[in-house]
Amino acid sequence: MLLHPKELERGFLITFEGNEGVGKSTQSRLLAEKLGQEGYDVVLTREPGGTKGAEELRNILLFGEAEFSSCSEILLHMAARLDHVEKMIKPALAEGKVVICDRFHDSTIAYQVYGACFRDAKAMELVTFLRHFIHCEADLTFWLDMELKAAFQRVQTRGGKTDQYEGQGQVFHERVRTGFAELARTEPGRMIRIDASSSEKDVQEQIYRKVKVLLSHKMA
Ligand code: TMP
């Protein structure tokens with residue numbers, strides 16, 4: 001049975017992860033709309049971003065001219081996250097809202113630790129330390145995954161300004177994908193792989209079914 005919105009004692013944090021072009025933003029929005037129609041109080045947000053300061057950091061990280069050293073880039077992503085978590089996510093969860101976030105901790109591990117730092121132990125240590133400090137974890141994460149070639153084609157069709165991560169080569173993005181795969185392997189209870197090459201509707205239904213299970217477990 002689906003937990004009624006009024007019975008939520010504490011909210012849920014649902015995150016979407018994956019490489020560019022896999023449909024995360026669309027699926028986050030579709031889920032937010034669906035739960036909103038059912039009467040849940042939903043907050044749809046994204047990372048890096050979500051608060052004024054974090055959106056400013058997003059601009060610097062994605063479109064700025066400066067190049068940061070690997071660990072300072074991690075610090076900037078984590079600074080954006082801390083602001084977002086403290087000002088928006090934690091207050092919303094405390095009010096029993098369902099927070100849907102397009103990217104979260106897993107992106108930092110996949111992009112910075114695996115993609116940029118070749119799984120460097122120091123980089124991983126830094127992320128792990130800051131993750132503990134931020135002290136906010138997703139209840140459920142959807143890793144939208146598909147062959148990168150098809151995902152790249154989607155990005156190209158979408159058009160728009162290319163950000164610094166989209167501009168990285170295929171090898172970088174393969175490492176990022178490996179990072180997500182490793183995270184899903186080590187945390188199977190939280191992180192669920194969804195085949196993003198299926199139709200938009202099919203992906204949406206798969207996600208919705210899992211969310212329903214999560215909400216009904218909360219009732220048990
Ligand atoms: P997006 O809105 O298209 O997902 O763009 C955000 C970009 O930022 C994407 O390329 C992934 C990257 N990113 C990181 O590298 N590390 C992070 O921690 C987060 C949240 C995003």
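First listed ligand is number 1; within each ligand, the first listed atom is number 1.
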Please list every donor-acceptor pair under 3.5 Å in which a side-chain atom of residues 54-62 meets a protein atom from a residue at least two apart or in another chain.
unit_1 : atom_1 : unit_2 : atom_2 : d
Glu55  : OE1    : Arg46  : NH2    : 2.7
Glu55  : OE2    : Arg46  : NE     : 3.2
Glu55  : OE2    : Gly50  : N      : 2.9
Glu56  : OE2    : Lys52  : NZ     : 3.3
Arg58  : NH1    : Pro48  : O      : 3.0

Residue, atom name and distance, where the atom is the protein heavy atom closest to atom 15 (O) of ligand 1: Gln112 NE2, 2.9 Å
Under a 3.5 Å distance rule, please check whether Asn19 uses its side chain to pair with a backbone N or O of His173 as donor and acceptor. yes
For Leu13, does its backbone N or O pair with a side-chain atom of Asp139 as donor and acceptor, under 3.5 Å? yes
Is there a polar contact, in the sense of an N or O pair closer than 3.5 Å, between Arg158 and ligand 1? no
At what distance is the nearest protein heavy atom to atom 21 (C) of ligand 1, and which residue and atom is it? Pro48 CD, 3.5 Å
Carboxylate-amine/guanidinium contact Glu95 Lys97, below 4.0 Å: yes
Charged tip of Lys210 within 45° of Phe142 ring normal and under 6.0 Å: no
In the protein, which heavy atom is nearest to atom 4 (O) of ligand 1, and how far is it? Arg103 NE, 2.5 Å
In the protein, which heavy atom is nearest to atom 20 (C) of ligand 1, and how far is it? Arg81 NH2, 3.5 Å
Would you say His105 contacts ligand 1, with heavy atoms under 4.0 Å as the rule? no
Can you sort out the partners of Lys34 under salt bridge (charged side-chain N to carboxylate O under 4.0 Å, His left out), two or more places apart, ordered by chain and number? none
Give yes if a backbone or side-chain nitrogen or oxygen of Asp102 is under 3.5 Å from a nitrogen or oxygen of ligand 1, and no if not. no
N-O pairing of Arg154 and Glu20 below 4.0 Å: no
Atoms of ligand 1 close to Glu20 [distance to a heavy atom under 4.0 angstrom, numbered from 1]: 9 (C), 10 (O)
Counting from 1 in the order shown, the ligand 1 atoms closer than 4.0 Å to a non-hydrogen atom of Thr108 are 17 (C), 18 (O)
Of all the atoms in ligand 1, which lie at a distance below 4.0 Å from a heavy atom belonging to Lys24? 4 (O)
Name the closest protein heavy atom to atom 17 (C) of ligand 1, giving the residue it belongs to and the distance to 0.1 Å. His77 ND1, 3.2 Å
Okay, side chain of Lys122, backbone of Cys71: is any donor-acceptor separation there less than 3.5 Å? no
Measure Leu62 to ligand 1 on non-hydrogen atoms and call it side chain, backbone, both or neither using the 4.0 Å cut-off. side chain
From the candidates Arg58, Arg46, His173, the one that places a heavy atom nearest atom 3 (O) of ligand 1: Arg58
Looking only at protein heavy atoms, which one is nearest to atom 8 (O) of ligand 1, and how far off is it? Tyr165 CD1, 3.6 Å
For ligand 1, note which part of Glu47 has a heavy atom under 4.0 Å away: side chain, backbone, both or neither. both
So does Arg119 have more than 12 non-hydrogen atoms from other groups sitting under 6.0 Å from CZ? no
Do Arg193 side-chain atoms and Ala181 backbone N/O form a donor-acceptor pair below 3.5 Å? no
Any nitrogen or oxygen of Glu166, side chain or backbone, less than 3.5 Å from one on ligand 1? no
